[in-house]
There are 2 protein chains.
Amino acid sequence: MSQMQNVERQLREMILGLEIGPGEKLTERWIEGRFGASRTPVRAALLRLETEGLVGRDGRGWTVSPINLAELEQIAVYREAVEVAALRLTCMHADGNAIDVIEAMLDSCDQNTPREEWHRVGMDFHIELARLSGNEFLFRAVRDAMTRLSRARWLEVRDEAALGRAWAEHRAILAATRLGEADEAARRLSAHISGSRDRLVTSLANDRRGLRARGFAVVAA
Amino acid sequence: MSQMQNVERQLREMILGLEIGPGEKLTERWIEGRFGASRTPVRAALLRLETEGLVGRDGRGWTVSPINLAELEQIAVYREAVEVAALRLTCMHADGNAIDVIEAMLDSCDQNTPREEWHRVGMDFHIELARLSGNEFLFRAVRDAMTRLSRARWLEVRDEAALGRAWAEHRAILAATRLGEADEAARRLSAHISGSRDRLVTSLANDRRGLRARGFAVVAA
DNA sequence: GATACCGCTTTGGTATCCCAAAATGGTATC
DNA sequence: GATACCATTTTGGGATACCAAAGCGGTATC
């Protein structure tokens with residue numbers, strides 16, 4: 001694989017994995033040294049990650065995008081629009097087998113599963129569900145939105161019960177979709193996303209002080 | 001302004017203005033010479049335009065994205081989702097003054113207005129309407145979708161009557177929005193986008209042979 | 001005349017160098 | 001001790017040099 005894609009992938013993983021904290025300054029030369037590549041692939045990677053919203057410009061220079069609570073709320077609204085649209089499309093030509101695959105993803109998580117895996121599967125549920133719509137743009141929109149939400153969701157304090165409720169909601173959405181009950185599925189998905197947003201923003205707003213103490217820039221709503 | 005942004009802007013204009021045809025091959029060195037910049041800003045511009053969907057990779061090497069009828073249909077579905085969501089948000093806090101500004105844009109076009117201007121205003125109507133939602137992500141989604149549609153709409157054969165109908169639909173959408181009648185506004189917007197998509201795809205499919213003869217790659221649905 | 005093969009050219013990927021501007025840090029001054 | 005100022009360093013933007021691989025053309029062979 002080319003260096004360009006390597007630097008991009010590794011840097012993205014470091015940012016999403018919070019190995020580089022939200023708000024931290026980045027220099028092209030540090031990245032260059034860190035990954036053993038020259039500046040050309042480094043700059044390509046930064047340009048890409050900029051369009052994903054993971055890094056941004058800070059005057060001259062680069063910064064890992066801070067967690068922005070106002071932005072998280074806007075993303076949730078955006079998600080609701082595109083995910084519901086995708087789900088309604090899917091309901092019109094529901095494919096039981098494809099839905100089984102997604103349900104199996106949910107089933108693969110139990111109390112022994114590491115939190116990291118729950119986190120990943122929770123995102124993939126929404127992404128794979130959107131993919132079933134067959135609409136590339138709705139799919140990409142959902143995938144990109146989930147990428148932007150990823151770090152915040154990772155910082156969210158979620159108890160066992162909340163995870164269980166989310167999984168139940170996921171299953172209910174799948175069930176309605178399987179039956180082609182578009183309105184029911186859409187209503188449940190909307191509620192799920194709204195609730196998810198409220199818990200997320202509330203949790204981060206409450207932890208804001210602690211997060212900042214850990215060096216994570218969290219911008220208020 | 002930096003070279004990087006210059007090359008990006010000029011190259012985008014050449015592509016959107018069809019001075020470089022859909023499907024044409026691009027070499028970094030040709031662009032370099034054409035705009036008097038070195039490969040570093042050229043590369044940055046190509047990476048940016050790639051995320052906008054205006055250029056793509058063709059193995060090694062770059063190609064101006066062809067007009068893809070299947071993609072146009074998918075974009076229309078995507079547009080409908082995000083534009084309707086944005087419009088519903090706007091209806092909840094309709095600002096008469098802001099709507100006046102958009103209506104004035106429509107008014108600025110009359111029979112003496114060059115086709116190019118009608119084209120631009122027709123896009124800006126949707127973009128500015130989405131901006132009123134106050135949701136940055138819905139706004140960007142609409143703006144990016146319109147950018148992707150731009151070349152196709154420019155190739156579309158539109159008679160005076162069709163333009164007049166489109167403008168009437170625009171005004172009706174604004175009127176309903178001003179009154180806060182979200183359902184009515186949403187219904188009219190959906191119909192407008194659907195009709196627009198059908199006319200666009202039909203027109204291009206009919207002209208496909210002629211467009212290809214002009215050197216424009218048009219991929220079937 | 002078609003085709004397989006070989007060498008030259010072109011091209012994107014990468015590394016490196018240069019430069020102007022911005023950040024940094026130390027110092028002198030009040 | 002605070003602050004204004006200047007020298008130095010650092011940094012991103014740009015230009016260029018180099019390389020491997022893909023593309024292209026011509027030629028020899030059947």
Side-chain angles (χ1 to χ4, degrees), chain A residues 1-16 19-66 68 212 215-217 219, chain B residues 1-16 19-66 68 212 215-217 219:
Chain A
M1 183 184 294
S2 68
Q3 282 284 30
M4 189 180 85
Q5 289 166 351
N6 252 323
V7 174
E8 182 187 339
R9 192 172 41 77
Q10 294 186 64
L11 187 54
R12 183 189 295 109
E13 276 174 18
M14 284 191 73
I15 293 173
L16 292 180
E19 295 173 57
I20 317 179
E24 272 187 50
K25 289 267 193 302
L26 286 176
T27 69
E28 297 184 355
R29 266 133 175 144
W30 178 83
I31 302 170
E32 181 181 358
R34 178 69 177 71
F35 299 110
S38 75
R39 288 181 66 203
T40 311
V42 167
R43 299 185 63 181
L46 285 169
L47 285 172
R48 284 258 169 71
L49 295 177
E50 185 187 18
T51 71
E52 294 181 34
L54 297 184
V55 302
R57 296 186 181 273
D58 165 50
R60 232 172 57 144
W62 301 90
T63 306
V64 177
S65 301
N68 183 322
R212 294 187 83 103
F216 295 157
V219 178
Chain B
M1 180 183 296
S2 69
Q3 283 283 30
M4 190 181 85
Q5 291 166 350
N6 253 323
V7 173
E8 182 186 340
R9 192 171 41 76
Q10 294 186 66
L11 187 55
R12 184 190 295 110
E13 277 174 17
M14 285 190 73
I15 293 173
L16 291 180
E19 294 172 55
I20 318 179
E24 273 187 49
K25 288 268 195 305
L26 285 176
T27 69
E28 297 184 355
R29 266 132 175 147
W30 178 84
I31 302 170
E32 181 182 358
R34 178 68 176 73
F35 298 110
S38 77
R39 289 181 66 201
T40 309
V42 166
R43 210 137 221 294
L46 284 170
L47 287 171
R48 285 259 171 69
L49 294 176
E50 185 186 19
T51 70
E52 296 181 33
L54 297 183
V55 304
R57 298 188 180 268
D58 167 48
R60 232 172 58 142
W62 301 90
T63 307
V64 177
S65 301
N68 184 323
R212 294 187 83 103
F216 296 155
V219 178

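Chain naming here is simple, since letters A, B, ... match the order of the sequence lines and numbering starts at 1 in each.
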Colleague: What contact category does B/L46 fall into here, base, sugar-phosphate, or nothing, at under 4.0 angstrom with non-hydrogen atoms?
Modeller: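 No contact at all - B/L46 keeps every heavy atom at 4.0 Å or more from the nucleic acid.
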
Colleague: Taking all non-hydrogen atoms of both residues, which atom of A/V42 and which atom of A/E28 are closest, and how far apart?
Modeller: CG1-O, 3.8 Å

Colleague: Do you know the tightest heavy-atom contact between A/V219 and A/P66?
Modeller: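 In this case the closest contact between A/V219 and A/P66 is CG2-CB, 4.0 Å.
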
Colleague: Once you round it to whole Å, what is the distance between C1' of C/dA23 and CG of A/D58?
Modeller: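 For the pair A/D58 CG and C/dA23 C1', the rounded distance is 12 Å.
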
Colleague: Quick one: closest heavy-atom pair of B/V7 and B/A37, and the distance?
Modeller: CG2-CB, 3.7 Å

Colleague: Without decimals, in angstroms, what is the distance between B/K25 NZ and C/dT10 C1'?
Modeller: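 Roughly 14 Å, once rounded to whole Å.
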
Colleague: Before accepting this row, confirm whether a basic side-chain N of the pair B/R12/B/E8 lies closer than 4.0 Å to the acidic partner's carboxylate O.
Modeller: yes

Colleague: Any side-chain heavy atom of A/R9 within less than 4.5 Å of one from A/N6?
Modeller: yes

Colleague: Is there a Watson-Crick or G-U wobble partner for C/dC30 with both distances under 3.5 Å, and which nucleotide is it?
Modeller: D/dG1

Colleague: How would nucleotides 14-20 of chain D be written as a contact map, 5' to 3', with B for base contact, S for sugar-phosphate-only contact and - for no contact, using protein heavy atoms under 4.0 Å?
Modeller: BBBBB--

Colleague: Would you name the heavy atoms of B/G23 and B/A217 that are closest together and state the gap between them?
Modeller: CA-CB, 3.8 Å

Colleague: Would you kindly give the CD-to-C1' distance between B/E28 and D/dA22, to the nearest whole Å?
Modeller: 15 Å

